[in-house]
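Below is one structure, written out as structure tokens; the observations come after it.
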Amino acid sequence: MTVLVLGDQLTRQVGPLTDRPDDRVLMVEAHEFARRHPYHPHKLTLVFSAMRHFRDRLRADGRAVDYHTVGTFREGFEAHFDAHPDDTLVAMEPPSHGASAGLREAAGAAGGDIEFVENDLFLCDAGSFDGWAGDGRLRHEDFYRFMRRRTGYLMEDGDPVGGEWNYDDQNRETPPEGWNPPEPPAFEPDALTREVAELVEEQFAGGYDEPPYGGAWADPGEFRWPVTRREACRALDDFVTYRLPEFGDYQDAMLEAEWALCHSLLSTSLNLGLLHPREVVERAVAAYRERDAPLHCVEGFVRQVLGWREFLRHVYRREMPGLATANQLGAGEDLPDLYWTGDTDMACLSDVVEGVRQRGYSHHIERLMVLSNFALVYGVEPAQLNEWFHAAYVDAFHWVTTPNVVEMGLFGAGVFATKPYASSANYIDRMSDYCSGCPYYKTKTTGEGACPFNALYWDFLDRNEDRLRSNHRMGLVYSHLDDKGEDLAAIREQAADIRERARDGEL
Ligand code: SF4
């Protein structure tokens, strides 16, 4: 048997690579696959460089590794089965929908076969999740408590440490004037990563720097992400030591001059398999036990990894393929070009998009409350925003972006989100410093210079009244909409004008 190691399974801690130490290894760097979307060049550099470093590490440890740089997986499998007829491949089940079927088909066409085993890069397997979920409604908070009890993390005698399951009310602070977060680590590209970055620039540029993408990634900043296990462990150390102690307080804050704040920046390493979620959670829990980080910070982080990340993976597994195209609000607008170009006077959107262009990353509140919120109230078709996130973010894989964007961000399916995360300029003003430097007026809804979020927000509620007014969590906002009275006509007109200006690139 040969162990097939996929680009998001770069682990020597779990899975068939560990279970079968004497077996040959196959890795396929499939370039046609990487041309399906206009990927950010840092994302392609990250995946290819991490794969090549992983190959070299295995070889240095004496493993036989066949590494094929080819167009398609089928070509890679043909090369393998030509050299090793009668062989069978074994791999962990990939989490993205249709991936295992596609790989099995490619292997079959190449004259061989693949056996898939449980993907041990997660903390909750499919059977356990389905047993927990039953036929009931999927609620993240319930699942998170189930996982806390199951793993014993932050538990004491069967109860949550500190007496509460969740310390979110302490996690919504904005930093005081003059606060400087610790500098996040940057991992300088070595010779192998530079070689891959050149290859990406030479061979993939047409995918992302030509119309209709408006030269989106033509001038990204320096590549900075961990590409080896050693670098990923350094990133984990750095987070737990320097940023975790303040992570909770400012996890929902947004500052124009600070793209990383105290966020972990571990999602790329987790999603490639360089770090296992168990060790990440256990390091954070240990920091609490050793009094190096307060409970509300550690709990907030543990909830993201042990709760949210695992929950989304299984929601995706259960709800696909419908989730990818779900659109219960019937939103039909095209994604405005400004998501690719960053070309807008709106200070919040322009800064966040520019950060994505530079480094393929922004933190979760910028993703939810700026990028997704704008698309939601604007009326963007969910699948279009999902595709943008998938192409633009270094840590984006289908299993993680689809439920986050289509459901959480754009309220596309109503599978677990109980209401849309729509807001006016109020939220952004409360949680960021963007509005003070923005040419738009945060308190104005209609007329010259009014913040686009405001009219779009009320227009969103108005347009979706049939579906949303009966939602008990929306009662208060609809009572405010009722107060708008005759202003509603002006709001509708303003919203239509905003969409027209966005289409013309004049927002
Ligand atoms: Fe964003 Fe509106 Fe604030 Fe400008 S005023 S930063 S557009 S929320």
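We count ligands from 1, going down the list as the structure has it; atoms in each ligand are counted the same way. All figures in this text were calculated on a predicted structure; none of them were measured in a lab.
- Atom OH of Y441 is surrounded by 12 or fewer heavy atoms from other residues, nucleotides or ligands within 6.0 Å.
- Distances under 2.8 Å from atom 4 (Fe) of ligand 1 pick out the protein N/O/S atoms C438 SG.
- With sequence neighbours excluded, the residues that form a side-chain contact (heavy atoms from CB on, under 4.5 Å) with R463 are D459, F460, R499.
- Between F311 and W132, the ring planes are perpendicular. Angles over 60° get that label, and only those under 30° would be called parallel.
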Ignoring hydrogens and angles, write down the donor-acceptor pairs under 3.5 Å from the side chains of residues 245-255, residues two or more places apart or on other chains.
unit_1: E246; atom_1: OE2; unit_2: W179; atom_2: NE1; d: 3.0
unit_1: D249; atom_1: OD1; unit_2: H296; atom_2: NE2; d: 2.9

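- Between Y339 and F374, the two ring planes are tilted [angle within 30° to 60°].
- Under the rule for a ring pair (Phe, Tyr, Trp, His ring centres under 6.0 Å), Y457 has no partner lying at least two apart in sequence or in another chain.
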